[in-house]
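Encoded as structure tokens, the structure appears first; notes follow it.
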Amino acid sequence: MSFLGLLGGSAKSSVDLAELQRKNSQIQYDEIQKVTSSVLGKTELRPKLGIICGSGLGGLANEVKDSQVIPYAEIDGFPKCTVPGHAGNLVLGYLSGVPTVCMQGRLHFYEGHPAWLVTMPIRMMKLIGVETLIVTNASGGLNQDYNSGDIMVIKDHINLTGLTGQHPLVGPNDEKFGPRFPAMTTPYDPELRQLAQETAKELGFSGFMREGVYVKVSGPSYETPSESRLLRSIGADTVGMSTAPEVVVARHAGMKVLGFSMVTNVVILEQDSDKTPPTHQEVMDTANARAKDLQLLVKTIVGKLASTL
Ligand SMILES: O=P(O)(O)O[C@@H]1C[C@H](O)[C@@H](CO)O1
């Protein structure tokens, strides 16, 4: 269902983001309408596909043709992006012929944005008409069979921060977005996952493709060895600081989701290890080194989906 028709004239006045942050309560429908109107006022494009670029993976946005770049700073009610490797632009254009909106840079809880604000752009995408979302992230490999540079199709996630209270849907529920108690049995679309694996095989990527479970932690510190062993023991293959809340909000709104987690460092499980600890520079460098493959994979998948989106 498209919500475009619901965007009324009252959605023109500006959004007081500081006031909303003070309230620390889930952003309301009319406020997201205003954000959406601000974007729609700057472009003729009406995207069907949404993409979120993870750390060091913003190059995916460069694959978007006839693109129009809108800095977050120019969108009424849009928060700032403060993390290196996250440019902070909405890039609108065509990916493999599909009208697409790409977040070149995402928002993270550890930047100081509450969970509802981190996920606000997903609802904005929904109001714009996006029904399918592709999320990407950089992550640590908890599964010790994984290598730096592996690409994991996310089959499920553990929203650890959500389970412990920082859930993006906490607060008044607006049924216009979705139900009060949404099921999360299939967060990542099984058909899209299969298509991703088949396409990766055709591209000769099988040697570095994985499928597994992503656990979302708050960050910004990387994990201690004991924390990492805990996360591995609860069934996670990769660990990161994003994605799961976005996917929960997308699924709440009925969007289909495909997720890729790029393993940028193998997590250290042993105490007092002499292995090199992770750094954000390593995360970005590894992501950059494999980015072209992920870009080709996503572009090819979207090309195959073009007639259905
Ligand atoms: O936005 P993502 O999840 O790709 O970024 C990861 C997690 C942290 O933001 C950062 C840590 O290096 O990279």
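Being a predicted model, the structure only gives us computed values, none of them experimental. These values consider heavy atoms only, across backbone and side chains, with no hydrogens, waters or symmetry-generated copies. We count residues from 1, following the sequence as given. Atoms within a ligand are numbered from 1 in the order they appear, just like the ligands themselves.
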Practice task
Fit a plane to each ring of Tyr72 and Phe78, take the angle between them on a 0 to 90° scale, and name the class: parallel (under 30°), tilted (30 to 60°) or perpendicular (over 60°).
Solution key: tilted
Practice task
Could you say whether the N/O atoms of Gly240 and ligand 1 ever approach to under 3.5 Å?
Solution key: no
Exercise for the section: Fit a plane to each ring of Tyr110 and His108, take the angle between them on a 0 to 90° scale, and name the class: parallel (under 30°), tilted (30 to 60°) or perpendicular (over 60°). Expected result: parallel
Fill in the blank from the handout: Ranked by distance from atom 3 (O) of ligand 1, the top protein heavy atom is Ser242 OG, 2.5 Å
Practice task
Considering only non-hydrogen protein atoms, determine which one is nearest to atom 11 (C) of ligand 1 and report residue, atom name and distance to 0.1 Å.
Solution key: Tyr222 OH, 3.4 Å
Practice task
State yes or no: do Ile158 and Val217 share one hydrophobic cluster built from I, L, V, M, F, W and Y residues joined by side-chain heavy-atom distances below 4.5 Å, directly or via other members?
Solution key: yes
Practice task
Give yes or no for whether the N/O distance cutoff of 3.5 Å, strictly under, is met between Thr136 and ligand 1.
Solution key: no
Handout entry: Any side-chain donor near an acceptor of the partner, Thr199 and Lys304, under 3.5 Å
Key = yes
Exercise for the section: Decide yes or no for Pro179 and His252: does some side-chain heavy atom of the first lie under 4.5 Å from some side-chain heavy atom of the second? Expected result: yes
Exercise for the section: Starting from atom 1 (O) of ligand 1, locate the nearest protein heavy atom and write down its residue, its atom name and how far away it is, to 0.1 Å. Expected result: His108 NE2, 2.7 Å
Handout entry: Where ligand 1 meets Val283 - atom numbers and elements under 4.0 angstrom, heavy-atom basis
Key = 12 (O), 13 (O)
Exercise for the section: Give a yes-or-no answer on whether the side chains of Thr264 and Thr286 include a donor-acceptor pair shorter than 3.5 Å. Expected result: no
Exercise for the section: Name the closest protein heavy atom to atom 9 (O) of ligand 1, giving the residue it belongs to and the distance to 0.1 Å. Expected result: Tyr110 OH, 2.5 Å
Exercise for the section: Specify the protein heavy atom at minimum distance from atom 7 (C) of ligand 1: its residue, its atom name, and the distance to 0.1 Å. Expected result: Met241 CB, 3.7 Å
Handout entry: Any side-chain donor near an acceptor of the partner, Ser242 and Asn137, under 3.5 Å
Key = no
Exercise for the section: Using the ring of Tyr29 (Phe, Tyr or Trp, six-membered ring only), decide whether Lys176 places NZ or CZ under 6.0 Å from its centre and within 45 degrees of its axis. Expected result: yes
Handout entry: For Gly54, the ligand 1 atoms whose distance to one of its heavy atoms is below 4.0 Å
Key = 4 (O)
Completion exercise
Near Asn137 (heavy-atom distance under 4.0 Å), the atoms of ligand 1 are 3 (O), 4 (O)
Practice task
Identify, for atom 6 (C) of ligand 1, the protein heavy atom at the shortest distance, and state residue, atom and that distance.
Solution key: Ser55 OG, 3.4 Å
